[in-house]
Protein chains: 2
Amino acid sequence: MVLSRTSQYAIQALIYIATQAPGEPVLNRDIAERLNVPAAYLAKILQNLCKHGLLDSFRGRLGGFCLREGMHKSTLMHVLQLTEGPDFTKNCILGLKECSDETACPMHFKWKPVKNKIISMLNFMTLDELAKAVLTGKYRLADLPASAIPS
Amino acid sequence: MVLSRTSQYAIQALIYIATQAPGEPVLNRDIAERLNVPAAYLAKILQNLCKHGLLDSFRGRLGGFCLREGMHKSTLMHVLQLTEGPDFTKNCILGLKECSDETACPMHFKWKPVKNKIISMLNFMTLDELAKAVLTGKYRLADLPASAIPS
DNA sequence: TATAATTCGGACAAAAAACTCTTTAAGGAG
DNA sequence: CTCCTTAAAGAGTTTTTTGTCCGAATTATA
């Protein structure tokens, strides 16, 4: 409804990394397994997050991915601007190239406040907080693996 | 951010049809031209809306598409359930197959109220009202055609 | 009845998104 | 130095979405 699969994977992975000891690289393979997500595809996504400075990567033994210094405080908005593109929140809901208070589509003024709620939420949620929530054990970062579902 | 191109075209077309004299079929070609949208693709979308009972279609001369009796009062939610599928609003923002108050992803409880705002908005807006708004001349249903942009 | 205008239906094509594979480079450990 | 492990890079594949094309069916009108 809102996020591409790529963004979903990115957020899940970042939260997972944020739950792990900072400075200790996490393997792509482990993340993919934990999230039940295709590893080769996830690798591309993590690479991209590295290029944009959100993650650090290390090759060879003891390699893997860490959140870059300070990036624990990153907001979901920050992440999504990397994965969905910089004008993620700037597009008209009906797809008009130009849609503003002055040149509005018929949904514009109803959509605007709702969109602002979404933006606030995304600006408010940080990787740190989401990781903390997960660490309480009350929330799920991925579907239960098939092995956990009794037949 | 929220709607597929198919849904955007569908909503635009339905609003346009709703602005026209009821009972007078509107040509696919005219809608496509007005909205600046690929006609053959739009035709498929309109066909689908017919199958689902939102539109009536007529072939041959004086043919075209009309809103079915009563469907002026249709909400955007109704339309989107046809174009995006019945559980349009039911999916987890992080893509988990199971995500509910009991088995929540870490975004669930922040996302839920925002999603409810979206749902309310979609349930509130009808084709009629949107058409009325367009008829005031204050809103745009499509981008200005290239011909209208001075160089 | 013939003709032109329209939607319908299905196959097809192109573009974008999601996903895979293989080779290379880098780093740690013996 | 050599081997193993890891990410990087790039090409390639599959699936989904978006968009095109064409022939058949339907209908009003001359």
Side-chain angles (χ1 to χ4, degrees), chain A residues 1-14 17 20 23-33 35-68 80 82-85 88 91 94-95, chain B residues 1-13 17 20 23-68 80 82-85 88 91 94-95:
Chain A
M1 183 183 185
V2 173
L3 300 182
S4 67
R5 204 166 282 191
T6 297
S7 292
Q8 294 175 336
Y9 292 168
I11 293 176
Q12 290 178 28
L14 287 168
I17 294 172
Q20 301 303 110
E24 307 242 313
V26 188
L27 292 187
N28 174 65
R29 182 176 4 107
D30 291 344
I31 305 171
E33 196 171 319
L35 301 179
N36 199 21
V37 143
Y41 190 52
L42 181 63
K44 297 295 185 192
I45 296 171
L46 298 181
Q47 267 177 57
N48 184 250
L49 296 175
C50 281
K51 269 193 223 148
H52 285 96
L54 210 55
L55 290 176
D56 283 320
S57 69
F58 305 94
R59 302 212 251 199
R61 291 217 182 153
L62 306 189
F65 296 88
C66 295
L67 276 172
R68 184 103 115 214
L80 292 176
L82 303 183
T83 55
E84 301 275 331
F88 168 50
N91 294 329
L94 285 184
Chain B
M1 186 182 184
V2 173
L3 301 182
S4 66
R5 205 166 280 194
T6 297
S7 292
Q8 295 175 337
Y9 292 169
I11 293 177
Q12 290 178 28
I17 295 171
Q20 301 302 111
E24 306 243 314
V26 188
L27 292 187
N28 175 67
R29 177 166 23 93
D30 291 344
I31 305 172
E33 197 171 318
R34 169 69 218 281
L35 301 179
N36 199 21
V37 143
Y41 190 51
L42 181 63
K44 299 293 186 193
I45 296 171
L46 297 181
Q47 270 177 53
N48 184 251
L49 296 175
C50 283
K51 271 194 224 147
H52 286 96
L54 210 54
L55 291 176
D56 282 320
S57 68
F58 305 94
R59 301 211 252 198
R61 292 218 182 153
L62 306 190
F65 296 88
C66 296
L67 276 171
R68 182 102 115 219
L80 291 176
L82 303 182
T83 54
E84 301 275 332
F88 168 50
N91 294 329
L94 284 184

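Residue numbers begin at 1 in each chain, while the letters A, B, ... track the order of the sequences. Note that the coordinates shown come from a computational prediction; the quantities given were computed from them, not determined experimentally.
- Taking CD of A:Gln20 as the start and CG of A:Asp30 as the end, the distance is 8.5 Å to the nearest 0.5 Å.
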B/S/- along nucleotides 13-23 of chain C (protein heavy atoms under 4.0 Å) is -----BBB---
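- Shown here are the salt bridge (charged side-chain N to carboxylate O under 4.0 Å, His left out) partners of B:Asp56, two or more places apart in sequence or in another chain: B:Arg68.
- At a threshold of 4.5 Å between non-hydrogen side-chain atoms, the residues A:Leu35 and A:Gln12 count as touching.
- Between A:Asn28 and A:Phe65 the shortest heavy-atom distance is CB-CE1, 3.9 Å.
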Check the interface with nucleotides 6-8 of chain C: list each N/O to N/O pair with the protein under 3.5 Å, or write none.
residue : atom : partner : partner atom : Å
C:dT6   : OP2  : B:Arg29 : NH2          : 2.2
C:dT6   : O2   : B:Gly60 : N            : 3.2
C:dT7   : OP1  : B:Asn28 : N            : 2.9
C:dT7   : O3'  : B:Ser57 : OG           : 3.4
C:dT7   : O2   : B:Arg59 : NH1          : 2.9
C:dC8   : OP1  : B:Ser57 : OG           : 2.5
C:dC8   : O4'  : B:Arg59 : NH1          : 2.9

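- First and last contacting nucleotides of DNA chain D toward chain B (any atom under 4.0 angstrom from a heavy atom, 5' to 3' order): D:dT18 to D:dT29.
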Can you give me every donor-acceptor pair (side chain of residues 37-55 of chain B, partner residue at least two apart or in another chain, under 3.5 Å) with its distance?
residue : atom : partner : partner atom : Å
B:Tyr41 : OH   : B:Thr6  : OG1          : 2.6
B:His52 : ND1  : B:Asn48 : O            : 3.0

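- A:Glu84 pairs by the side-chain hydrogen bond (donor to acceptor under 3.5 Å, both in side chains) definition with A:Ser4, A:Ser7, not counting sequence neighbours.
- B:Leu80 is listed as a side-chain neighbour of B:Ile11, based on a closest heavy-atom distance under 4.5 Å.
- Between B:Tyr9 and B:Leu3 the shortest side-chain heavy-atom distance does not fall below 4.5 Å.
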